[in-house]
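One structure below.
Chain identifiers are assigned alphabetically (A, B, ...) following the order of the sequence lines, protein sequences preceding nucleic acid strands; residue numbering begins at 1 within each chain.
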2 protein chains.
Amino acid sequence: MKDVALRAGVALKTVSRVVNSEPGVTPETASRVLGAIEELGFRRNESARLLRTGRTATVGFIADNWGDRESAALGRGVEEVAREHGFLLFAGSTDTDPVREEQLTLSLCARRVDGLVIVPTPGDHDYLLSEIEAGIAAVFALRPPYHLARADAALVDEHGAARTAVAHLIAQGHERIGYLGGDQASYRTRQLLDGYREAMGTAGLTVDEAWTSLTPQRLLNSTVTAVLCGSREHTALALRTVVEAGMSRRVAVVGFGAFELAEYLAPGLTVISYDPAEVGRAAGELLFGRLGGYRGPGRRVYVPATLVTRGSGEVPPAVP
Amino acid sequence: MKDVALRAGVALKTVSRVVNSEPGVTPETASRVLGAIEELGFRRNESARLLRTGRTATVGFIADNWGDRESAALGRGVEEVAREHGFLLFAGSTDTDPVREEQLTLSLCARRVDGLVIVPTPGDHDYLLSEIEAGIAAVFALRPPYHLARADAALVDEHGAARTAVAHLIAQGHERIGYLGGDQASYRTRQLLDGYREAMGTAGLTVDEAWTSLTPQRLLNSTVTAVLCGSREHTALALRTVVEAGMSRRVAVVGFGAFELAEYLAPGLTVISYDPAEVGRAAGELLFGRLGGYRGPGRRVYVPATLVTRGSGEVPPAVP
DNA sequence: CTGAAAGCGCTTACAG
DNA sequence: CTGAAAGCGCTTACAG
């Protein structure tokens with residue numbers, strides 16, 4: 001910029017004015033400056049500008065692994081909103097490691113990102129407090145953080161979807177319904193089980209607690225006629241277990257997540273599914289709400305999850 | 001930092017030394033500084049440091065849409081390499097729009113990223129020349145740019161995979177083999193068709209040019225007994241067409257891409273598949289090679305693609 | 001071992 | 001309409 005000023009025979013400030021298209025420059029001066037910029041191949045150093053301005057026009061996106069389908073689509077949703085605001089996006093993966101999450105977040109904060117969308121790890125998030133105090137906006141996605149109850153979050157209505165799914169199974173005549181879904185303490189499992197219990201209760205069915213923490217092995221030895229799954233991986237597990245044991249007519253599987261080519265699956269597959277990009281966009285909107293000056297209490301946005309049936313027909317009805 | 005210096009009663013430089021754990025500070029002074037840092041909740045502004053240092057320790061990843069499976073996994077591979085080097089990653093999507101690619105790239109360059117991994121759009125990339133001259137490293141992934149032949153690229157051996165796939169079909173007795181894959185000018189289609197032609201030629205089979213640009217409609221009216229697909233979407237299309245027309249016994253489908261739950265697909269599915277994360281890591285290595293001082297000519301790295309059979313058996317043999 | 005000055009590339013606040 | 005100075009938060013190159 002100094003070189004440009006020198007070459008155009010003007011002061012630094014004039015170059016700055018031209019570059020920012022501020023008013024108050026004669027067309028002649030402007031074109032002289034523009035010429036110099038062209039000749040020198042000058043391009044403003046955005047970082048320097050932002051250092052002075054105090055903002056960086058960047059946000060960070062932190063997920064377990066943004067290489068997986070769910071996180072990637074979610075991140076893309078965040079990017080869209082960021083882009084509308086002229087912001088650039090940092091992306092980082094924690095591999096579900098709280099230590100790594102903290103490192104990543106802190107180094108992003110050290111770069112002075114304006115905001116952060118975080119799919120939180122199980123760890124606590126107190127380290128964020130001082131950053132938030134320092135002015136950085138943080139929004140959680142997919143699950144709320146353990147403490148930090150005041151933070152904004154964009155979530156999925158897994159509770160409602162599980163309730164619907166289980167009610168649907170019950171309507172098909174199922175009474176012994178199980179849940180296969182990994183870590184019982186995880187947010188998604190708790191949400192799904194809440195919905196499950198609610199539907200069972202409404203139908204007047206009692207829940208055998210053994211049903212709520214199935215494994216493939218236990219599923220084989222269980223009397224359940226239907227199983228609700230808590231993740232893509234558990235859906236695949238359940239399917240494999242049921243098919244390999246030749247039980248696909250006897251045990252109905254309700255999966256979690258969208259699967260391509262699901263219409264050609266042999267047993268047919270009904271799933272609970274939601275649009276991760278929508279969660280990302282919702283998180284982005286919450287974030288830019290904060291960046292736009294919102295100072296109120298934490299908000300929660302729920303994205304709907306729906307029951308989708310694909311492939312060769314319905315969930316099989318209960319066989320008496 | 002000024003506040004910290006004031007509070008600790010030392011000069012700015014001393015604080016800088018402590019923060020960077022440079023030698024030459026007495027333990028007492030150091031602990032005084034550390035104390036002040038603690039009390040003030042000081043955290044170094046990385047951007048300011050990097051402005052002075054001249055590097056930003058960031059790289060950018062630009063893809064059609066990093067929310068899709070292929071790009072996301074690829075980007076995650078780049079992130080891994082970046083992380084090993086202590087770099088942060090920007091991610092942006094072009095939606096296959098050359099204009100958007102240029103905008104994104106240029107704004108990343110204005111932030112002075114040290115390097116860029118780009119899944120290029122069909123546009124030309126001359127706008128990158130001046131940036132590369134200015135010292136930014138650029139590596140292409142998945143497909144090479146149209147011009148800019150000198151650039152590094154991490155690619156997939158689609159050519160070899162198609163050759164293998166078609167040879168395999170031929171070994172199963174197929175002689176009339178088609179290709180369904182969208183834009184004929186795209187890099188992937190050209191690679192796949194090259195491999196296809198090579199295998200057909202080696203087997204002494206002649207290619208009816210109509211076979212090389214199938215659509216679902218043309219596939220129905222064609223005499224081909226097998227079809228090679230050029231993308232995930234075209235795989236789904238081919239499958240749908242074949243299944244709905246009741247031709248799944250007569251027409252063998254070789255898909256492209258990895259599909260979850262493929263083992264439970266009704267007709268069974270053989271696909272050409274590769275590991276996108278590996279392409280990302282390869283691109284990352286090329287990039288950091290440049291950042292590490294490599295100044296030689298452009299390099300190409302090929303990641304293998306393999307033929308995988310899932311589900312209820314093999315590609316169906318040709319029915320006489 | 002410690003510090004005062006200059007500068008990275010830009011903008012802000014003020015004068016002319 | 002244009003410019004000279006100060007400063008964003010840090011580091012570099014030099015003295016003491």
Side-chain angles (χ1 to χ4, degrees), chain A residues 1-37 40-58 106-114 131 134-136, chain B residues 1-37 40-58 86 88 106-114 131 134-136:
Chain A
M1 193 143 142
K2 211 169 58 185
D3 299 338
V4 173
L6 212 70
R7 180 141 195 155
V10 298
L12 222 68
K13 173 66 227 189
T14 303
V15 179
S16 171
R17 265 192 271 262
V18 171
V19 169
N20 293 305
S21 38
E22 286 172 27
V25 183
T26 47
E28 296 87 73
T29 318
S31 77
R32 203 141 39 86
V33 172
L34 254 17
I37 287 177
L40 266 42
F42 166 80
R43 203 147 283 153
R44 177 173 61 188
N45 183 329
E46 210 62 14
S47 313
R49 188 173 78 83
L50 296 166
L51 170 60
R52 192 61 244 250
T53 319
R55 313 189 71 209
T56 58
T58 55
L106 258 24
S107 69
L108 248 18
C109 289
R111 303 287 178 123
R112 298 295 187 268
V113 293
D114 297 309
E131 302 298 335
I136 189 168
Chain B
M1 194 144 141
K2 212 169 57 182
D3 299 339
V4 173
L6 211 70
R7 177 140 196 155
V10 298
L12 222 68
K13 173 66 226 188
T14 304
V15 179
S16 170
R17 266 192 271 261
V18 172
V19 169
N20 293 305
S21 37
E22 285 172 28
V25 184
T26 46
E28 297 87 71
T29 317
S31 77
R32 204 141 38 87
V33 171
L34 255 17
I37 287 177
L40 267 41
F42 166 81
R43 202 147 284 152
R44 176 171 62 188
N45 183 328
E46 210 63 15
S47 314
R49 188 174 78 83
L50 296 164
L51 170 61
R52 191 61 242 250
T53 318
R55 314 189 70 207
T56 59
T58 55
L88 251 23
L106 257 25
S107 69
L108 250 16
C109 288
R111 302 287 178 123
R112 298 294 188 267
V113 294
D114 297 308
E131 301 299 334
I136 188 167

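The shortest non-hydrogen separation linking B/Val18 to B/Ala30 is CG2-CA, 4.1 Å. Nearest heavy-atom pair, A/Lys2 versus A/Leu12, reported as atom, atom and distance to 0.1 Å: CA-CD1, 3.5 Å. Heavy atoms only, all atoms of each residue included: A/Met1 and A/Val15 are closest at CG-CG1, 3.8 Å. Scanning all heavy atoms of the two residues, the minimum distance from B/Asn45 to A/Leu51 falls at ND2-CD1, 4.3 Å. Residues A/Ala57 and A/Asp114 come closest through the heavy atom pair N-OD2, 2.6 Å.
The B/Asn45 side chain lies nearest to D/dG9 when the options are D/dG9, D/dG3, C/dG3.
Ranked by how close their nearest DNA chain C nucleotide is to the 5' end, B/Arg52 and A/Thr53 are led by B/Arg52.
Computed from coordinates, the A/Lys2 NZ to C/dC10 P distance equals 11 Å when rounded to whole Å. Going from atom CD1 of B/Ile37 over to atom P of D/dC10 covers 10 Å, rounded to whole Å. Between B/Leu50 atom CG and D/dT11 atom P the separation is 9 Å, expressed in whole Å. One can place CE of A/Met1 at 11 Å from P of C/dT12, the figure rounded to the nearest angstrom. One atom, CG of A/Leu12, and another, P of D/dC1, lie 20 Å apart when rounded to the nearest Å. Here D/dC8 presents its C1' atom at 18 Å from CZ of A/Arg111, a figure rounded to the nearest Å. In this entry the distance linking CG of B/Leu40 with P of D/dG9 reads 13 Å, nearest Å. Look at CG on A/Asp3: it is 11 Å from C1' on C/dG9, rounded to the nearest Å.
The closest donor-acceptor contact from the side chain of B/Arg32 to the backbone of B/Ala8 lies under 3.5 Å. A distance-only check finds no donor-acceptor pair linking the side chain of A/Arg111 to the backbone of A/Thr56 [under 3.5 Å].
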Q. For DNA chain C, what string of dots and brackets results from 5' to 3' when Watson-Crick and G-U pairs need both distances under 3.5 Å, crossing pairs get [ ], and pairs with another strand get |?
A. |||.||||||||.|||
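The stretch residues 16-26 of chain A touches DNA chain D through A/Arg17, A/Gly24, A/Val25, A/Thr26, each having a heavy atom under 4.0 angstrom from the strand.
Here the side chains of B/Leu50 and A/Ser47 are not in contact, with every heavy-atom distance at 4.5 Å or above.
The side chain of B/Thr14 places an N or O atom within less than 4.0 Å of a non-bridging phosphate oxygen (OP1 or OP2) of C/dG3. Phosphate proximity of D/dC1 to A/Thr29: absent, as no side-chain N or O sits under 4.0 Å from OP1 or OP2.
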Residues 19-26 of chain B, side-chain donor-acceptor partners within the protein, below 3.5 Å, at least two apart:
unit_1	atom_1	unit_2	atom_2	d
B/Asn20	OD1	B/Arg44	NH1	2.4
B/Asn20	ND2	B/Ser16	O	2.9
B/Asn20	ND2	B/Ser16	OG	3.4
B/Thr26	OG1	B/Thr29	OG1	2.4

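Remark: the B/Arg49 side chain and the D/dG9 base include no donor-acceptor N/O pair separated by less than 3.5 Å. In this model, no side-chain donor or acceptor of A/Arg44 finds a partner on the base of C/dG9 within 3.5 Å.
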